[in-house]
Amino acid sequence: MSDIKYQITNNNLTSEEETKLQYEYIEKAKIKVNEYAALIGHKPTCCVTTFGCQMNARDSEKLAGILELTGFELIDSEHADFVIYNTCTVRDNANQRVYGRLGYLHNLKKKNPNMKIALCGCMMQEDTVITKLKKSYSFVNLIFGTHNIYKFAELLVRMFESERMIIDIWDGTDRIVEDLPVERKYPFKSGINIMFGCNNFCSYCIVPYVRGRERSRNPEDIIKEIENLVKDGVVEVMLLGQNVNSYGKNLEKPISFAELLRRIEKIDGLKRIRFMTSHPKDLSDELIEVMRDSKKICRHLHLPVQSGSTRILKEMNRRYTKEDYLNLVDKIRKNIPDISLTTDIIVGFPGETKEDVDETIDVIKKAGYDNAFTFIYSKRTGTPAAAMANQVPEEEVKYNFNRVLEEVQNIAHERAGRLVGQVEEVLIEELNEQDETLITGKLSNSTTVHLKGGKELIGSIIKVKLTECKGFYYFGEIVE
Ligand code: SAH
Ligand code: SF4
Ligand code: F3S
């Protein structure tokens, strides 16, 4: 029998009532965590590990919010009483990492039998994964998916009440449950989900299957969340969605992503706005105008191209051609000359020839990316591309991958350093890991800058003269 239940909720509550119910479960979970603390003889520690993208990381912050409230001490080490893996399945190597690390956790649990282990996230939405976990990883205590993460407090209570593995995976949800606790990793910046799921069904991609259909949050809820974050010290937000350019289309009162940005721009005290990811097919002229005229939207656009070959793009179901993409880049550069562009590229999609890869390299040259994430195509069971007959031999993929990587590095090197001598605003994010006399921050265009300074500057935006460029980083000096 499948563990994926064809359900979108397990009750008839409204979203507001569900929030209230979950706060009741938080109270119940506090009692359970207290009992657990008495059993192990100390305040229980907990470690949440993120394997996936920024949306996965934001989900981890939601888990951490509940864990903190219910009485866990959050730590970074997996030598914790409770370890949660928030998994990703976008490429097979993400899955393999989880299985590998689970072996390590099993050893820890043998030494500490009271230890609890939970798995959640995108990988758990796959039937084959659940079958494997049930068969060979029976030491895991709790498994849940992407659609019922808002029920984490309730699931925690169930985990503490049961000796057996708890599995709760849903096939989808139409719900967005607001106002649950969140524990942010950084005090001064935060990710914000503006939408969930994806409707694009790019033929190689598993995300629509594991994250469900596209659902946008109400603009009022998003604005309220950001206003509260700003009151709490946040100066930079990253608006998150698999395809932010189609935000708001399916709302009862439809609104465009550009309009949402206009409203967010008006929030007093908010200094920087970022967003990802933009799908080229939905990037509107209105959005380019809003970006051009904005004081707060950062000068960075992540615009995944995936391939430069119109034939492959069609097979990928991306719904733009090489020319469409390059025209779009031209339009963006004309309107926002100081923008930094980054992209994602897949090498080795079924049927891809050397000539197709030449087209990709041509796009890399013409678009002038500051950085590009290059991935080897990974076959994802259940996607249309996995069933395509003409999978490319590994040797050929490696050869092409190296060619693409070389071009990405060439172009990024050419572009690096173009701001030397200029004074730019830097949001200071942390002490430098290698040298404690240095602090590290980010430019509006996302480039990293190192400079002399103390930790009291973390979270502030300061003017910095960029004096030198090493590799892809700048060194700078504070300007009085
Ligand atoms: N929604 C985003 C991407 C999310 S996944 C977008 O459409 O831009 C992040 C990246 O992973 C994708 O841009 C793609 O380059 C890569 N990716 C997705 N599925 C993949 C697969 N099967 N094999 C290799 N890379 C893949
Ligand atoms: Fe995947 Fe395409 Fe959706 Fe991005 S837009 S998440 S690549 S299906
Ligand atoms: Fe991975 Fe899920 Fe994000 S598959 S990339 S964690 S949406």
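One-based numbering, in listed order, for ligands and for the atoms of each. Residues take their numbers from the sequence shown, with the count starting at 1.
At least one heavy atom of Ile346 sits under 4.0 Å from some atom of ligand 1. Heavy atoms of Arg318 approach ligand 1 to within less than 4.0 angstrom. Under a 4.0 angstrom heavy-atom cut-off, Arg318 registers as being in contact with ligand 2. Within the 4.0 Å heavy-atom cutoff, Val90 counts among the residues contacting ligand 1.
Of all the heavy atoms of Phe201, the ones lying under 4.0 Å from any atom of ligand 2 belong exclusively to the backbone. Using a 4.0 Å cut-off between heavy atoms, Ile206 makes no contact with ligand 1 at all. Neither the backbone nor the side chain of Asn243 has a heavy atom within less than 4.0 Å of ligand 2. Contact annotation: for Arg211 versus ligand 1, there are no heavy atoms closer than 4.0 Å. If you look at Pro208 next to ligand 2, the close heavy atoms, those under 4.0 Å, all belong to the side chain. Both the backbone and the side chain of Cys202 come within 4.0 Å of ligand 2, judged by heavy-atom distances.
Within the cation-pi definition used here (under 6.0 Å to the ring centroid, within 45° of the axis), Lys314 does not qualify as a partner of Tyr320. Both the sub-6.0 Å distance and the 45° axial angle are satisfied by Arg91 relative to the ring of Phe375.
The contact set between ligand 1 and Gln306, taken as ligand atoms under 4.0 Å from a residue heavy atom, comprises 12 (C), 13 (O), 14 (C), 15 (O). Of all the atoms in ligand 1, the ones that sit under 4.0 Å from a non-hydrogen atom of Gln242 are 1 (N), 2 (C), 3 (C), 4 (C), 6 (C). Against a heavy-atom cut-off of under 4.0 Å, Tyr377 is close to the following atoms of ligand 1: 23 (N), 24 (C). The ligand atoms of ligand 2 that sit less than 4.0 angstrom from a heavy atom of Val207 are 6 (S).
Between Tyr369 and Ile411, the closest heavy-atom pair is O-CG2, 3.4 Å. When every heavy atom of Thr70 is checked against every heavy atom of Ile26, the shortest pair comes out as CG2-O, 3.8 Å. For the pair Pro280 and Leu328, the tightest heavy-atom approach, listed with the atom from each and the gap, is O-CD2, 3.6 Å.
Ranked by closest heavy atom to atom 8 (O) of ligand 1, the top entry among Ser307, Pro304, Pro208 is Pro304.
Considering only heavy atoms from C-beta on, Asp168 comes within 4.5 Å of Arg158 through its side chain.
Counting only heavy atoms of the protein, atom 1 (Fe) of ligand 2 lies nearest to Cys205 SG, 2.3 Å.
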